[in-house]
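Every chain is numbered from 1, with letters handed out A, B, ... down the list of sequences.
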Number of protein chains: 2
Amino acid sequence: MPKETFFNLPEDKRTIICQVAVDEFAAYPFEQASINRIVANAGIAKGSFYQYFEDKNDLFLHIMQLVGEEKLKYMSSLIQAPYQYDIFTLIRELYISGIQFAVERPQYAKISKRILENKNSALYQEVMNSNMPTAYEFFEVLLKNAIVKKEVRENINVKLLAHLITSMNAVLIEYYLEHVSQDYDEGIMETVDHFLDFLKNGIGVNGTE
Amino acid sequence: MPKETFFNLPEDKRTIICQVAVDEFAAYPFEQASINRIVANAGIAKGSFYQYFEDKNDLFLHIMQLVGEEKLKYMSSLIQAPYQYDIFTLIRELYISGIQFAVERPQYAKISKRILENKNSALYQEVMNSNMPTAYEFFEVLLKNAIVKKEVRENINVKLLAHLITSMNAVLIEYYLEHVSQDYDEGIMETVDHFLDFLKNGIGVNGTE
DNA sequence: ATAATATATGACTTGCCGGTCACATGACCA
DNA sequence: TGGTCATGTGACCGGCAAGTCATATATTAT
(Lines give C-alpha, C1' and ligand atoms only; values in the text may rest on other atoms or scores of the structure.)
Protein backbone atom coordinates (compact mmCIF):
# COMPACT_ATOMS: atom_id res chain seq x y z
CA MET A 1 0.00 0.00 0.00
CA PRO A 2 1.28 3.47 -0.86
CA LYS A 3 1.90 5.69 2.16
CA GLU A 4 -0.56 8.29 3.40
CA THR A 5 1.66 10.99 1.94
CA PHE A 6 0.86 9.73 -1.53
CA PHE A 7 -2.87 10.05 -1.05
CA ASN A 8 -2.44 13.54 0.42
CA LEU A 9 -0.88 14.64 -2.86
CA PRO A 10 -2.79 16.95 -5.21
CA GLU A 11 -4.67 14.76 -7.63
CA ASP A 12 -2.84 15.88 -10.77
CA LYS A 13 0.56 15.08 -9.28
CA ARG A 14 -0.68 11.65 -8.22
CA THR A 15 -2.08 11.09 -11.68
CA ILE A 16 1.19 12.02 -13.37
CA ILE A 17 3.15 9.65 -11.17
CA CYS A 18 0.79 6.80 -11.91
CA GLN A 19 0.77 7.56 -15.62
CA VAL A 20 4.55 7.55 -15.76
CA ALA A 21 4.74 4.35 -13.73
CA VAL A 22 2.22 2.65 -16.01
CA ASP A 23 4.33 3.59 -19.01
CA GLU A 24 7.43 2.20 -17.33
CA PHE A 25 5.84 -1.11 -16.38
CA ALA A 26 4.30 -1.41 -19.82
CA ALA A 27 7.72 -0.90 -21.41
CA TYR A 28 9.74 -3.10 -19.05
CA PRO A 29 9.08 -6.12 -16.86
CA PHE A 30 9.24 -5.46 -13.13
CA GLU A 31 12.92 -6.26 -12.65
CA GLN A 32 14.01 -3.94 -15.46
CA ALA A 33 11.62 -1.13 -14.68
CA SER A 34 13.64 1.71 -13.16
CA ILE A 35 12.66 3.95 -10.29
CA ASN A 36 15.31 6.39 -11.50
CA ARG A 37 13.56 6.71 -14.85
CA ILE A 38 10.16 6.98 -13.22
CA VAL A 39 11.15 9.86 -10.94
CA ALA A 40 12.93 11.61 -13.81
CA ASN A 41 9.90 11.31 -16.10
CA ALA A 42 7.49 12.30 -13.37
CA GLY A 43 9.64 15.30 -12.43
CA ILE A 44 9.95 14.41 -8.76
CA ALA A 45 12.98 13.77 -6.56
CA LYS A 46 13.95 10.26 -5.75
CA GLY A 47 13.58 10.96 -2.05
CA SER A 48 10.01 12.07 -2.67
CA PHE A 49 9.21 8.79 -4.33
CA TYR A 50 10.15 6.98 -1.16
CA GLN A 51 7.89 9.28 0.81
CA TYR A 52 5.02 8.01 -1.30
CA PHE A 53 5.82 4.32 -1.63
CA GLU A 54 7.53 1.73 0.53
CA ASP A 55 9.53 0.45 -2.39
CA LYS A 56 9.34 -0.61 -6.03
CA ASN A 57 7.14 -3.54 -5.07
CA ASP A 58 4.66 -1.24 -3.40
CA LEU A 59 4.36 0.93 -6.48
CA PHE A 60 3.93 -2.06 -8.74
CA LEU A 61 1.15 -3.54 -6.66
CA HIS A 62 -0.63 -0.19 -6.65
CA ILE A 63 -0.40 0.05 -10.42
CA MET A 64 -1.64 -3.52 -10.71
CA GLN A 65 -4.67 -2.55 -8.69
CA LEU A 66 -5.44 0.29 -11.08
CA VAL A 67 -5.09 -2.10 -13.99
CA GLY A 68 -7.38 -4.63 -12.34
CA GLU A 69 -10.01 -2.03 -11.57
CA GLU A 70 -9.93 -0.69 -15.10
CA LYS A 71 -10.23 -4.13 -16.63
CA LEU A 72 -13.13 -4.91 -14.35
CA LYS A 73 -14.96 -1.87 -15.67
CA TYR A 74 -14.93 -3.45 -19.11
CA MET A 75 -16.19 -6.79 -17.86
CA SER A 76 -18.32 -6.06 -14.83
CA SER A 77 -21.77 -6.05 -16.39
CA LEU A 78 -21.03 -9.39 -18.03
CA ILE A 79 -19.53 -11.01 -14.98
CA GLN A 80 -22.27 -9.87 -12.64
CA ALA A 81 -25.09 -11.34 -14.73
CA PRO A 82 -23.43 -14.14 -16.66
CA TYR A 83 -26.61 -16.07 -17.31
CA GLN A 84 -28.53 -13.44 -19.21
CA TYR A 85 -26.98 -14.93 -22.36
CA ASP A 86 -26.30 -18.41 -23.65
CA ILE A 87 -22.67 -19.37 -23.14
CA PHE A 88 -21.56 -18.58 -26.68
CA THR A 89 -23.02 -15.09 -26.61
CA LEU A 90 -21.44 -14.52 -23.23
CA ILE A 91 -18.02 -15.63 -24.41
CA ARG A 92 -18.47 -13.46 -27.47
CA GLU A 93 -19.20 -10.41 -25.32
CA LEU A 94 -16.33 -11.19 -22.96
CA TYR A 95 -13.85 -11.50 -25.81
CA ILE A 96 -15.10 -8.31 -27.40
CA SER A 97 -14.63 -6.55 -24.07
CA GLY A 98 -11.15 -7.97 -23.87
CA ILE A 99 -10.19 -6.65 -27.27
CA GLN A 100 -11.76 -3.31 -26.48
CA PHE A 101 -9.69 -3.09 -23.30
CA ALA A 102 -6.54 -3.97 -25.23
CA VAL A 103 -7.26 -1.32 -27.85
CA GLU A 104 -8.38 1.48 -25.57
CA ARG A 105 -5.93 0.83 -22.72
CA PRO A 106 -2.90 -0.57 -24.51
CA GLN A 107 -0.47 0.12 -21.66
CA TYR A 108 -2.70 -1.58 -19.13
CA ALA A 109 -3.13 -4.49 -21.49
CA LYS A 110 0.62 -4.94 -21.86
CA ILE A 111 1.00 -5.08 -18.10
CA SER A 112 -1.87 -7.55 -17.81
CA LYS A 113 -0.33 -9.75 -20.43
CA ARG A 114 2.96 -9.96 -18.59
CA ILE A 115 1.21 -11.12 -15.45
CA LEU A 116 -0.48 -13.99 -17.21
CA GLU A 117 2.90 -15.04 -18.62
CA ASN A 118 4.48 -15.16 -15.15
CA LYS A 119 1.86 -16.97 -13.14
CA ASN A 120 4.56 -18.72 -11.10
CA SER A 121 6.86 -15.88 -10.00
CA ALA A 122 6.45 -14.73 -6.39
CA LEU A 123 5.53 -11.13 -7.06
CA TYR A 124 3.12 -11.89 -9.83
CA GLN A 125 1.49 -14.52 -7.65
CA GLU A 126 0.84 -11.93 -4.99
CA VAL A 127 -1.05 -9.93 -7.57
CA MET A 128 -3.18 -12.86 -8.60
CA ASN A 129 -4.00 -13.85 -5.03
CA SER A 130 -5.17 -10.39 -4.09
CA ASN A 131 -7.36 -10.49 -7.14
CA MET A 132 -10.51 -12.30 -8.07
CA PRO A 133 -10.84 -16.03 -8.57
CA THR A 134 -9.18 -16.89 -11.83
CA ALA A 135 -10.87 -16.57 -15.17
CA TYR A 136 -10.22 -20.26 -15.54
CA GLU A 137 -12.51 -21.17 -12.64
CA PHE A 138 -15.14 -18.80 -13.98
CA PHE A 139 -15.25 -20.59 -17.32
CA GLU A 140 -15.30 -23.97 -15.66
CA VAL A 141 -18.52 -23.14 -13.80
CA LEU A 142 -19.92 -21.59 -16.93
CA LEU A 143 -19.25 -24.69 -18.99
CA LYS A 144 -20.81 -27.04 -16.47
CA ASN A 145 -23.91 -24.90 -16.42
CA ALA A 146 -24.02 -24.75 -20.21
CA ILE A 147 -23.91 -28.53 -20.36
CA VAL A 148 -26.94 -28.74 -18.08
CA LYS A 149 -28.72 -26.25 -20.29
CA LYS A 150 -27.76 -28.40 -23.27
CA GLU A 151 -25.98 -25.52 -24.98
CA VAL A 152 -22.78 -27.55 -24.89
CA ARG A 153 -22.41 -31.28 -25.50
CA GLU A 154 -21.68 -33.24 -22.37
CA ASN A 155 -18.82 -35.44 -23.52
CA ILE A 156 -16.14 -32.77 -23.34
CA ASN A 157 -13.21 -32.33 -20.98
CA VAL A 158 -14.47 -29.38 -18.96
CA LYS A 159 -11.19 -28.55 -17.22
CA LEU A 160 -9.25 -28.59 -20.47
CA LEU A 161 -11.85 -26.54 -22.29
CA ALA A 162 -12.02 -23.96 -19.52
CA HIS A 163 -8.28 -23.62 -19.82
CA LEU A 164 -8.41 -23.31 -23.60
CA ILE A 165 -11.17 -20.72 -23.58
CA THR A 166 -9.26 -18.63 -21.06
CA SER A 167 -6.03 -18.75 -23.01
CA MET A 168 -7.64 -18.18 -26.36
CA ASN A 169 -8.89 -14.82 -25.20
CA ALA A 170 -5.28 -13.67 -25.10
CA VAL A 171 -4.48 -15.38 -28.38
CA LEU A 172 -7.40 -13.70 -30.06
CA ILE A 173 -6.34 -10.29 -28.80
CA GLU A 174 -2.84 -10.83 -30.11
CA TYR A 175 -4.18 -11.99 -33.46
CA TYR A 176 -6.51 -9.06 -33.69
CA LEU A 177 -3.82 -6.48 -32.92
CA GLU A 178 -1.31 -8.09 -35.23
CA HIS A 179 -3.38 -9.00 -38.26
CA VAL A 180 -6.64 -7.15 -38.24
CA SER A 181 -6.33 -3.66 -36.88
CA GLN A 182 -4.69 -1.44 -34.32
CA ASP A 183 -7.99 0.30 -33.73
CA TYR A 184 -11.36 -0.77 -32.56
CA ASP A 185 -13.43 -1.27 -35.66
CA GLU A 186 -15.88 -3.57 -37.38
CA GLY A 187 -13.24 -6.25 -37.99
CA ILE A 188 -13.43 -7.09 -34.34
CA MET A 189 -16.91 -8.62 -34.73
CA GLU A 190 -15.90 -10.65 -37.71
CA THR A 191 -12.82 -12.02 -35.98
CA VAL A 192 -14.64 -12.91 -32.79
CA ASP A 193 -17.49 -14.49 -34.75
CA HIS A 194 -15.05 -16.63 -36.74
CA PHE A 195 -13.61 -17.78 -33.49
CA LEU A 196 -17.01 -18.62 -32.01
CA ASP A 197 -17.93 -20.56 -35.09
CA PHE A 198 -14.82 -22.63 -34.50
CA LEU A 199 -15.57 -22.98 -30.79
CA LYS A 200 -19.07 -24.28 -31.54
CA ASN A 201 -18.45 -26.46 -34.54
CA GLY A 202 -14.75 -27.24 -34.79
CA ILE A 203 -13.12 -27.41 -38.16
CA GLY A 204 -13.97 -30.98 -39.19
CA VAL A 205 -16.24 -31.57 -42.17
CA ASN A 206 -19.87 -32.05 -41.14
CA GLY A 207 -20.75 -35.65 -40.49
CA THR A 208 -17.18 -36.63 -39.78
CA GLU A 209 -16.64 -38.52 -36.52
CA MET B 1 29.15 -17.13 -33.38
CA PRO B 2 31.40 -18.32 -30.55
CA LYS B 3 35.12 -17.81 -31.19
CA GLU B 4 37.41 -20.53 -32.44
CA THR B 5 38.85 -20.84 -28.93
CA PHE B 6 35.54 -22.16 -27.74
CA PHE B 7 35.45 -24.95 -30.28
CA ASN B 8 39.06 -25.87 -29.46
CA LEU B 9 38.01 -26.55 -25.89
CA PRO B 10 37.86 -30.14 -24.61
CA GLU B 11 34.35 -31.38 -25.13
CA ASP B 12 33.45 -31.84 -21.47
CA LYS B 13 34.39 -28.26 -20.64
CA ARG B 14 32.34 -26.97 -23.57
CA THR B 15 29.44 -29.11 -22.43
CA ILE B 16 29.60 -27.78 -18.88
CA ILE B 17 29.60 -24.19 -20.07
CA CYS B 18 26.59 -24.80 -22.28
CA GLN B 19 24.76 -26.68 -19.57
CA VAL B 20 25.30 -23.87 -17.08
CA ALA B 21 24.28 -21.27 -19.65
CA VAL B 22 21.12 -23.18 -20.48
CA ASP B 23 20.22 -23.28 -16.79
CA GLU B 24 20.82 -19.55 -16.52
CA PHE B 25 18.70 -18.63 -19.54
CA ALA B 26 16.00 -21.02 -18.40
CA ALA B 27 15.92 -19.34 -15.00
CA TYR B 28 16.16 -15.74 -16.18
CA PRO B 29 15.21 -13.77 -19.28
CA PHE B 30 18.15 -12.52 -21.33
CA GLU B 31 18.51 -9.13 -19.64
CA GLN B 32 18.59 -10.64 -16.16
CA ALA B 33 20.78 -13.59 -17.00
CA SER B 34 24.21 -12.93 -15.52
CA ILE B 35 27.57 -13.69 -17.06
CA ASN B 36 29.04 -13.44 -13.58
CA ARG B 37 26.81 -16.27 -12.36
CA ILE B 38 27.50 -18.34 -15.44
CA VAL B 39 31.28 -18.17 -15.11
CA ALA B 40 31.02 -18.86 -11.37
CA ASN B 41 28.81 -21.92 -11.90
CA ALA B 42 30.90 -23.16 -14.79
CA GLY B 43 34.07 -22.72 -12.77
CA ILE B 44 35.85 -20.57 -15.34
CA ALA B 45 37.33 -17.09 -15.13
CA LYS B 46 35.42 -14.19 -16.53
CA GLY B 47 38.28 -13.39 -18.86
CA SER B 48 38.08 -16.91 -20.22
CA PHE B 49 34.44 -16.47 -21.05
CA TYR B 50 35.29 -13.55 -23.29
CA GLN B 51 37.91 -15.69 -24.99
CA TYR B 52 35.11 -18.04 -26.00
CA PHE B 53 32.29 -15.64 -26.83
CA GLU B 54 32.08 -12.15 -28.27
CA ASP B 55 29.57 -11.10 -25.66
CA LYS B 56 26.38 -12.13 -23.87
CA ASN B 57 24.46 -11.91 -27.11
CA ASP B 58 26.83 -14.32 -28.79
CA LEU B 59 26.39 -16.89 -26.05
CA PHE B 60 22.63 -16.55 -26.12
CA LEU B 61 22.40 -17.06 -29.85
CA HIS B 62 24.60 -20.14 -29.57
CA ILE B 63 22.35 -21.59 -26.87
CA MET B 64 19.32 -20.77 -28.98
CA GLN B 65 20.81 -22.76 -31.80
CA LEU B 66 21.23 -25.79 -29.54
CA VAL B 67 17.64 -25.42 -28.43
CA GLY B 68 16.42 -25.17 -32.01
CA GLU B 69 18.40 -28.20 -33.11
CA GLU B 70 17.11 -30.26 -30.22
CA LYS B 71 13.52 -29.26 -30.84
CA LEU B 72 13.91 -30.13 -34.49
CA LYS B 73 14.97 -33.63 -33.53
CA TYR B 74 11.57 -34.15 -31.95
CA MET B 75 9.68 -32.82 -34.94
CA SER B 76 11.77 -33.58 -37.98
CA SER B 77 10.17 -36.80 -39.16
CA LEU B 78 6.75 -35.14 -39.00
CA ILE B 79 7.76 -31.92 -40.69
CA GLN B 80 9.62 -33.62 -43.48
CA ALA B 81 6.71 -35.80 -44.53
CA PRO B 82 3.66 -33.86 -43.39
CA TYR B 83 1.25 -35.52 -45.78
CA GLN B 84 1.64 -39.09 -44.68
CA TYR B 85 -1.24 -38.44 -42.28
CA ASP B 86 -4.54 -36.62 -42.41
CA ILE B 87 -4.28 -33.19 -40.80
CA PHE B 88 -5.76 -34.22 -37.48
CA THR B 89 -3.38 -37.11 -37.03
CA LEU B 90 -0.48 -34.86 -37.98
CA ILE B 91 -1.48 -32.20 -35.48
CA ARG B 92 -1.88 -34.93 -32.90
CA GLU B 93 1.63 -36.19 -33.50
CA LEU B 94 3.07 -32.68 -33.52
CA TYR B 95 1.44 -31.82 -30.21
CA ILE B 96 2.59 -35.07 -28.66
CA SER B 97 6.12 -34.30 -29.80
CA GLY B 98 5.81 -30.84 -28.31
CA ILE B 99 4.77 -32.21 -24.93
CA GLN B 100 7.49 -34.81 -25.08
CA PHE B 101 10.07 -32.10 -25.74
CA ALA B 102 8.73 -30.04 -22.84
CA VAL B 103 8.90 -33.01 -20.49
CA GLU B 104 12.24 -34.39 -21.53
CA ARG B 105 14.03 -31.07 -22.08
CA PRO B 106 12.35 -28.79 -19.57
CA GLN B 107 15.11 -26.16 -19.60
CA TYR B 108 15.10 -25.95 -23.37
CA ALA B 109 11.34 -25.70 -23.32
CA LYS B 110 11.43 -22.78 -20.88
CA ILE B 111 13.81 -20.93 -23.16
CA SER B 112 11.68 -21.67 -26.20
CA LYS B 113 8.61 -20.42 -24.41
CA ARG B 114 10.21 -17.09 -23.61
CA ILE B 115 11.08 -16.56 -27.25
CA LEU B 116 7.52 -17.02 -28.37
CA GLU B 117 6.42 -14.51 -25.75
CA ASN B 118 8.83 -11.86 -27.03
CA LYS B 119 8.30 -12.05 -30.75
CA ASN B 120 8.78 -8.29 -31.07
CA SER B 121 12.02 -7.61 -29.17
CA ALA B 122 15.11 -7.07 -31.32
CA LEU B 123 17.23 -9.93 -29.98
CA TYR B 124 14.46 -12.45 -30.02
CA GLN B 125 13.61 -11.44 -33.55
CA GLU B 126 17.15 -12.20 -34.64
CA VAL B 127 16.64 -15.70 -33.33
CA MET B 128 13.42 -16.18 -35.23
CA ASN B 129 14.84 -14.85 -38.48
CA SER B 130 17.81 -17.19 -38.43
CA ASN B 131 15.35 -19.97 -37.85
CA MET B 132 12.82 -21.74 -40.01
CA PRO B 133 9.66 -20.24 -41.41
CA THR B 134 7.21 -19.83 -38.56
CA ALA B 135 4.99 -22.61 -37.32
CA TYR B 136 2.14 -20.33 -38.16
CA GLU B 137 2.90 -20.40 -41.88
CA PHE B 138 3.34 -24.15 -41.75
CA PHE B 139 -0.15 -24.65 -40.37
CA GLU B 140 -1.65 -22.22 -42.86
CA VAL B 141 -0.37 -24.33 -45.77
CA LEU B 142 -1.48 -27.46 -44.00
CA LEU B 143 -5.01 -26.16 -43.49
CA LYS B 144 -5.43 -25.08 -47.10
CA ASN B 145 -4.33 -28.49 -48.23
CA ALA B 146 -6.68 -30.19 -45.78
CA ILE B 147 -9.58 -28.19 -47.15
CA VAL B 148 -8.81 -29.42 -50.65
CA LYS B 149 -8.67 -32.96 -49.32
CA LYS B 150 -12.02 -32.32 -47.65
CA GLU B 151 -10.65 -33.19 -44.22
CA VAL B 152 -11.55 -29.69 -43.04
CA ARG B 153 -14.65 -27.71 -43.94
CA GLU B 154 -14.00 -24.87 -46.32
CA ASN B 155 -15.87 -22.03 -44.63
CA ILE B 156 -13.27 -21.35 -41.95
CA ASN B 157 -10.91 -18.43 -41.45
CA VAL B 158 -7.64 -20.11 -42.37
CA LYS B 159 -5.33 -17.38 -41.07
CA LEU B 160 -7.08 -17.23 -37.73
CA LEU B 161 -7.19 -20.99 -37.37
CA ALA B 162 -3.50 -21.34 -38.23
CA HIS B 163 -2.78 -18.84 -35.51
CA LEU B 164 -4.99 -20.64 -32.99
CA ILE B 165 -3.54 -24.06 -33.72
CA THR B 166 -0.02 -22.71 -33.28
CA SER B 167 -0.81 -21.03 -30.00
CA MET B 168 -2.81 -23.90 -28.63
CA ASN B 169 0.24 -26.11 -28.82
CA ALA B 170 1.80 -23.97 -26.10
CA VAL B 171 -1.43 -23.80 -24.15
CA LEU B 172 -1.76 -27.56 -24.23
CA ILE B 173 1.78 -28.03 -22.98
CA GLU B 174 1.14 -25.66 -20.12
CA TYR B 175 -2.10 -27.41 -19.26
CA TYR B 176 -0.46 -30.80 -19.39
CA LEU B 177 2.42 -29.82 -17.11
CA GLU B 178 0.17 -28.04 -14.67
CA HIS B 179 -2.80 -30.34 -14.39
CA VAL B 180 -2.00 -33.75 -15.76
CA SER B 181 1.49 -34.85 -14.97
CA GLN B 182 5.06 -33.75 -14.61
CA ASP B 183 6.21 -36.85 -16.40
CA TYR B 184 5.58 -38.32 -19.78
CA ASP B 185 2.87 -40.87 -19.29
CA GLU B 186 -0.36 -42.19 -20.72
CA GLY B 187 -2.30 -39.06 -19.74
CA ILE B 188 -0.65 -37.27 -22.60
CA MET B 189 -2.63 -39.23 -25.19
CA GLU B 190 -5.89 -38.63 -23.42
CA THR B 191 -5.27 -34.91 -23.15
CA VAL B 192 -4.23 -34.53 -26.75
CA ASP B 193 -7.17 -36.60 -27.93
CA HIS B 194 -9.60 -34.49 -25.95
CA PHE B 195 -8.13 -31.49 -27.63
CA LEU B 196 -8.41 -32.97 -31.08
CA ASP B 197 -12.00 -33.90 -30.47
CA PHE B 198 -12.60 -30.26 -29.71
CA LEU B 199 -10.64 -29.12 -32.73
CA LYS B 200 -12.70 -31.36 -35.02
CA ASN B 201 -16.13 -30.95 -33.54
CA GLY B 202 -16.23 -27.89 -31.34
CA ILE B 203 -18.24 -27.93 -28.14
CA GLY B 204 -21.70 -27.10 -29.48
CA VAL B 205 -24.46 -29.69 -29.27
CA ASN B 206 -24.86 -31.64 -32.48
CA GLY B 207 -27.36 -30.12 -34.85
CA THR B 208 -27.04 -26.66 -33.34
CA GLU B 209 -26.30 -23.90 -35.79
C1' DA C 1 6.75 35.62 15.39
C1' DT C 2 7.70 31.00 16.92
C1' DA C 3 7.52 26.34 17.25
C1' DA C 4 6.07 21.98 15.45
C1' DT C 5 5.01 19.12 11.89
C1' DA C 6 4.71 17.37 7.09
C1' DT C 7 6.86 17.25 2.74
C1' DA C 8 10.73 17.90 -0.76
C1' DT C 9 15.40 17.05 -2.18
C1' DG C 10 19.56 14.99 -4.43
C1' DA C 11 24.07 13.48 -3.01
C1' DC C 12 25.39 9.23 -1.26
C1' DT C 13 25.92 4.08 -0.18
C1' DT C 14 26.11 -0.46 -1.52
C1' DG C 15 25.79 -3.84 -4.92
C1' DC C 16 25.66 -5.96 -9.30
C1' DC C 17 26.19 -5.64 -14.15
C1' DG C 18 28.83 -6.35 -18.94
C1' DG C 19 33.07 -5.91 -20.57
C1' DT C 20 38.48 -5.00 -20.60
C1' DC C 21 43.27 -5.65 -19.98
C1' DA C 22 47.89 -6.42 -18.21
C1' DC C 23 49.80 -10.24 -16.86
C1' DA C 24 50.41 -15.46 -15.63
C1' DT C 25 50.53 -20.00 -17.16
C1' DG C 26 51.05 -23.69 -20.07
C1' DA C 27 52.17 -26.08 -24.74
C1' DC C 28 55.00 -26.61 -28.55
C1' DC C 29 59.08 -25.91 -31.29
C1' DA C 30 64.18 -24.77 -32.16
C1' DT D 1 67.33 -23.87 -22.89
C1' DG D 2 64.96 -19.98 -24.72
C1' DG D 3 61.34 -18.12 -27.62
C1' DT D 4 56.64 -17.98 -29.47
C1' DC D 5 51.99 -18.42 -29.34
C1' DA D 6 47.39 -19.92 -27.50
C1' DT D 7 44.91 -19.91 -23.46
C1' DG D 8 43.69 -18.70 -18.54
C1' DT D 9 42.97 -15.12 -14.98
C1' DG D 10 40.77 -11.83 -11.80
C1' DA D 11 41.35 -7.01 -10.49
C1' DC D 12 39.45 -3.28 -12.47
C1' DC D 13 36.30 0.26 -15.14
C1' DG D 14 32.22 2.87 -15.97
C1' DG D 15 27.41 2.56 -15.51
C1' DC D 16 23.11 1.93 -13.49
C1' DA D 17 20.22 -0.04 -10.02
C1' DA D 18 17.36 0.35 -5.30
C1' DG D 19 17.16 2.52 -1.36
C1' DT D 20 18.85 6.09 2.58
C1' DC D 21 19.47 10.28 5.00
C1' DA D 22 20.81 14.86 6.46
C1' DT D 23 19.16 18.94 5.28
C1' DA D 24 15.95 22.45 3.24
C1' DT D 25 11.46 24.17 2.62
C1' DA D 26 6.64 24.61 3.15
C1' DT D 27 2.48 24.50 6.02
C1' DT D 28 -0.02 24.87 10.02
C1' DA D 29 -1.14 25.85 14.96
C1' DT D 30 -0.30 28.84 18.71
Side-chain angles (χ1 to χ4, degrees), chain A residues 1-18 20-64 114 121-124 126, chain B residues 1-64 114 121-124 126-127:
Chain A
M1 275 275 290
K3 299 182 183 174
E4 200 194 320
T5 324
F6 179 65
F7 296 107
N8 292 342
L9 245 40
E11 196 188 321
D12 55 339
K13 195 167 181 181
R14 230 171 35 219
T15 308
I16 282 186
I17 292 172
C18 286
V20 167
V22 164
D23 287 348
E24 182 73 13
F25 287 122
Y28 303 93
F30 178 80
E31 291 80 3
Q32 284 155 250
S34 156
I35 302 293
N36 287 337
R37 274 195 301 257
I38 290 174
V39 297
N41 292 336
I44 62 174
K46 185 129 170 224
S48 298
F49 175 87
Y50 285 93
Q51 306 259 30
Y52 307 149
F53 301 95
E54 295 292 340
D55 51 22
K56 195 182 177 182
N57 234 289
D58 190 23
L59 168 65
F60 182 70
L61 291 176
H62 179 63
I63 297 298
M64 282 314 309
R114 246 198 286 278
S121 106
L123 177 63
Y124 289 85
E126 189 172 347
Chain B
M1 275 274 287
K3 298 181 183 174
E4 200 194 321
T5 325
F6 179 65
F7 295 109
N8 292 343
L9 245 39
E11 197 188 320
D12 55 340
K13 195 169 181 180
R14 229 171 35 218
T15 309
I16 283 187
I17 292 173
C18 286
Q19 179 54 54
V20 167
V22 165
D23 287 349
E24 182 73 13
F25 287 123
Y28 303 93
F30 178 81
E31 291 81 3
Q32 284 154 252
S34 156
I35 302 292
N36 287 335
R37 273 194 300 257
I38 290 174
V39 297
N41 291 336
I44 62 173
K46 189 139 170 210
S48 299
F49 176 86
Y50 285 94
Q51 304 261 28
Y52 307 149
F53 300 96
E54 295 293 341
D55 51 22
K56 194 182 178 182
N57 234 289
D58 190 24
L59 168 66
F60 182 71
L61 292 176
H62 178 63
I63 296 299
M64 281 313 309
R114 245 197 287 278
S121 105
L123 177 62
Y124 289 86
E126 188 173 346
V127 176

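In this structure, CD of B:Gln32 is placed 11 Å from P of C:dC17, rounded to the nearest angstrom. The OH-C1' distance, from B:Tyr50 to C:dG19, rounds to 5 Å in whole Å. Residue B:Ile38 contributes atom CD1, which lies 15 Å from atom C1' of C:dC16 at whole-angstrom precision. A:Asp55 has its CG atom 5 Å from the P atom of D:dG19, to the nearest Å. Distance, B:Leu59 CG to C:dG19 C1': 14 Å, rounded to whole Å. The interatomic distance linking B:Gln51 (CD) with C:dA22 (P) rounds to 14 Å, in whole Å. In this structure, A:Ile35 places its CD1 atom 21 Å from P of C:dC12, rounding to the nearest Å. A straight line from CD of A:Glu4 to P of C:dT5 spans 15 Å, rounded to a whole angstrom.
Scanning both residues, B:Phe25 and B:Arg114, for their nearest heavy atoms gives O-NH2, 2.8 Å. The nearest pair of heavy atoms linking B:Met1 to B:Glu54 is O-CG, 4.2 Å.
Backbone-only contact: B:Thr5 has heavy atoms under 4.0 Å from sugar-phosphate atoms and none from a base. Residue-level contact check: A:Lys46 touches the bases, meaning some heavy atom is under 4.0 Å from a base atom. As judged by a 4.0 angstrom heavy-atom cut-off over every strand, A:Ala40 is placed among residues making no nucleic acid contact. Nucleic acid contact for A:Ser48: base, since at least one base atom lies under 4.0 Å from a heavy atom of the residue.
Between atom OG of residue B:Ser121 and atom CD of residue B:Glu126 there is a gap of 10.0 Å, rounded to the nearest 0.5 Å. In this structure, the separation between CD1 on A:Ile44 and CG on A:Leu9 is 8.0 Å, given to the nearest 0.5 Å.
For B:Lys13 and A:Asn57, each mapped to the nucleotide of DNA chain D holding its nearest heavy atom, the one lying further toward the 5' end belongs to B:Lys13.
At C:dA6, none of the side-chain N or O atoms of A:Asn8 fall inside 4.0 Å of OP1 or OP2 (strictly under the cut-off). Between B:Asn36 and the phosphate of C:dC16, there is no side-chain N or O to OP1/OP2 separation shorter than 4.0 Å. The side chain of B:Tyr52 contributes an N or O atom lying less than 4.0 Å from OP1 or OP2 of D:dG8. Contact annotation: B:Arg37 side-chain N/O to C:dC17 OP1/OP2 distance is under 4.0 Å.
In this structure, the side chains of B:Phe6 and B:Asp58 stay at 4.5 Å or more apart for every pair of heavy atoms.
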